[in-house]
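Every chain is numbered from 1, with letters handed out A, B, ... down the list of sequences. Worth knowing before you read on, the calculation uses all heavy atoms, side chains too, and leaves out hydrogens, waters and symmetry mates.
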Amino acid sequence: MASLHRRLLLDRVFTLVVLVASFIVLAPMIHLLATVAVMGGRTLLEAGFSFLYKLPPSPESASLGGIGPALLGSMILMVLSSLLGLPLAFFTAALAVEFPGSRLSRLVSGLCRALTGIPTILVGVLVYTLVVVPMGRFSALAGALALAIVMLPYSYTYMETALSSVPKSYREAAYSLGLTRMRALIHVFAGIARRGLLAGVLVGLAKACGETAPLLFTIGGLRHSLFTGITGPIDAVPLLAYSFAMTPYEVYHKVAWGACLVLLLIYLLIFVAARMIVGRVRM
Amino acid sequence: MRKLVGSDRVFYYTLLPFGSIVLAVFILLLGVLAWKSVPILVREGASFFTKNVWKPSETSPSMEEYGILAPLLDTLYTSLIALVLATPASLLLALLTAEYAPIRLRGVLENIVDLMAGVPTVVYGLWGAFVVAPMLREYVMKPLHEHLGFLPLFSCEPISGQSVLTAGVVLAVMITPFMTGVIREAYSMIPFSLREALASIGATRLEMIRVLLSMMKPAIMAAGLLGLGRAAGETIAVSLTIGNSFSLSPCMLRPGYTISSLIANQFPNAGFYYYMTSALYASGLTLLLMGVLLNLAGLKLMWSWRERIHG
């Protein structure tokens, strides 16, 4: 039986170890945020506000140009993929919560959880095989489909949690008034669960703006033109950053850092909004 | 389920298509990958997974040969490095936020960790390629090769900063916030009465943590499996930090290839050759099975542990 003195000493030592080691663990994360802020900040300061709407530069050009088409493309993709993915997530969550006894609903809810672990590049390959090849071209639609599939499990999880946390008393009250399940869901439960549902929407948006791999083989990276229709190719900010980072040109690297900062700021905005609505945000 | 009547039934049938779409996506994913893998698997059989060769041919299909042993092993290699680094890191962070941090700091720390879990991977990739790779090369890889070069793990000379080790380190930073979240959630699920009991018999904080962590072993394992799955499936950050070349040596200071970065880099030109697309689909199928199995195992472990805790 160790002496009290020894046990207390071990406790103090361990506390110190945890504090120091946590500092070491947190350092890379802070370093990443700081690096993006500094390198991206340099680009944005040099290029100015026009970085957000100008066309990308050529490899040897002196000015930094901008990420205009890519930013517009990301916005369009966010809207399109939300239109496809969010209703799907909502109604699937409704199925799981309202009819939990059904075999399909249990299977689907398990599948949605498994789908969070799917490598996103395979989703891109799937959409390429089923949409891009038959259509014969890259398109914003294909990219939106791929993003919708990627965002589905995450939005689903939030929405399902939100809908299933509606207190039983409200359910009983709604049914006792004679509301059918559908009416009760639309008029009563969705309103009560609106915070979680909104968080689900925001998490989906965050995924849609930040994911790169699903876009590699679906949208075509149309760098220098603005919107050409949803059946035409399009660019996106993360795709631009990735492509530019792989080139050997200094100008392109600077633009890539700037794009990363813009991306990070958009993500931060969405994250803070979601945080203010719901207690914890789990990506 | 008892029989539904009237409009409830109609509602159920209206919702079914949405659920079926989700099921269909999953089946399509498996089916398309399997269907497209058939040509190369029929041609090479199991040797597709056991040899390291990548020989396309523009003239004759019979000269082509593909084997994904190197990307397969490197995927496991980088993910394991990431897991080895991330597990203690996430345990420490979880303990910090759950036990040691002053109450006012806890919110800030939780937010930072949750934030980092969702940062777009291309940001991690750029940071890894332009900042971490040179740093690791100067301060970690070169010294390791100089002083410990007799070990097969460090026996190759680090030429560029992009290597298996760099990719593993960046992956570790990527999966740590996620694993921290899982462990922290599990930690908070242990009934408070247990902590009260431990405090009442005079346990120090360290002793209480030791007991609680030993209770949480399945949850920690589940977090590890889930993190491993994420690391194995990651494409963009790895593609920018691993150097993208086939190599079989056990040394971790060399560039390598993972299945996902292989697909990312080779898929665009695969159409010029006869069997390359099929080879890439087959490697995609392998990756899918790995990812799904790891994810399912992790989730299952987590669920059964939760049942035991609350039961």
Is it the backbone or the side chain of B:Y281 that comes under 4.5 Å from a heavy atom of chain A, or both, or neither? side chain
Ring centroid separation A:F90 to B:F18 under 6.0 Å: no
Would you give the length of the straight line joining atom CG of B:N111 to atom CZ of A:R275, rounded to the nearest 0.5 angstrom? 3.5 Å
Expected output: side-chain A:Y267 to main-chain B:G118 donor-acceptor under 3.5 Å: yes
Determine, step by step, whether B:I236 and A:L216 satisfy the side-chain contact (heavy atoms from CB on, under 4.5 Å) criterion, reporting the C-alpha distance in whole Å, the side-chain angles of both residues, the deciding distance to 0.1 Å, and the verdict. CA-CA 10 Å; B:I236 300 296; A:L216 282 177; 4.2 Å; yes
Heavy-atom distances under 4.5 Å only: say whether B:N244 touches chain A with side chain, backbone, both or neither. neither
Applying a heavy-atom distance below 4.5 Å, give me the residues of residues 113-125 of chain A that approach chain B, sorted by number. A:R113, A:A114, A:L115, A:T116, A:G117, A:I118, A:P119, A:I121, A:L122, A:V125
Mind checking whether B:F267 and A:F217 have parallel, tilted or perpendicular rings, split at 30° and 60°? tilted
Of the listed B:T14, B:V292, B:L91, B:L28, the one with the largest count of heavy-atom pairs under 4.5 Å with chain A is B:L28
Can you give me every donor-acceptor pair (side chain of residues 9-20 of chain A, partner residue at least two apart or in another chain, under 3.5 Å) with its distance?
from: A:D11; atom 1: OD1; to: B:L206; atom 2: N; distance (Å): 2.8
from: A:T15; atom 1: OG1; to: A:D11; atom 2: O; distance (Å): 2.8

Where on B:R230 is there a heavy atom nearer than 4.5 Å to chain A: the side chain, the backbone, both, or neither? side chain
Examine whether an atom of B:V32 lies under 4.5 Å from a heavy atom of chain A, and if so say whether it belongs to the side chain, the backbone or both; otherwise answer neither. side chain
Measure distances from B:T235 to the heavy atoms of chain A and classify the residue's part below 4.5 Å as side chain, backbone, both or neither. side chain
Is A:L95 close to chain B through its backbone or its side chain, or both, or neither, when contacts mean heavy atoms under 4.5 Å? both
Which of residues 94-102 of chain B get closer than 4.5 angstrom to chain A, counting heavy atoms alone? B:L95, B:L96, B:Y100
Test item: B:T176 and A:M29 side chains (from C-beta on) under 4.5 Å apart, heavy atoms: yes
Taking every heavy-atom pair that is under 4.5 Å apart, which of B:I259, B:V119, B:V173 has the most such pairs with chain A? B:V119
Could you go through the side-chain contact (heavy atoms from CB on, under 4.5 Å) check for A:L185 and B:F11 one step at a time? CA-CA 11 Å; A:L185 176 70; B:F11 187 40; 3.6 Å; yes
Proximity of residues 129-136 of chain B to chain A, residues having a non-hydrogen atom under 4.5 angstrom: B:F130, B:V131, B:M135
Given that the side chain runs from C-beta out, which part of A:L107 has a heavy atom under 4.5 Å from chain B: side chain, backbone, both or neither? side chain
Assess the residue pair A:M39 and B:L126 against the criterion (side-chain contact (heavy atoms from CB on, under 4.5 Å)); give the C-alpha distance rounded to whole Å, side-chain angles, the decisive distance to 0.1 Å, and a yes or no. CA-CA 11 Å; A:M39 304 289 281; B:L126 252 94; over 6 Å; no
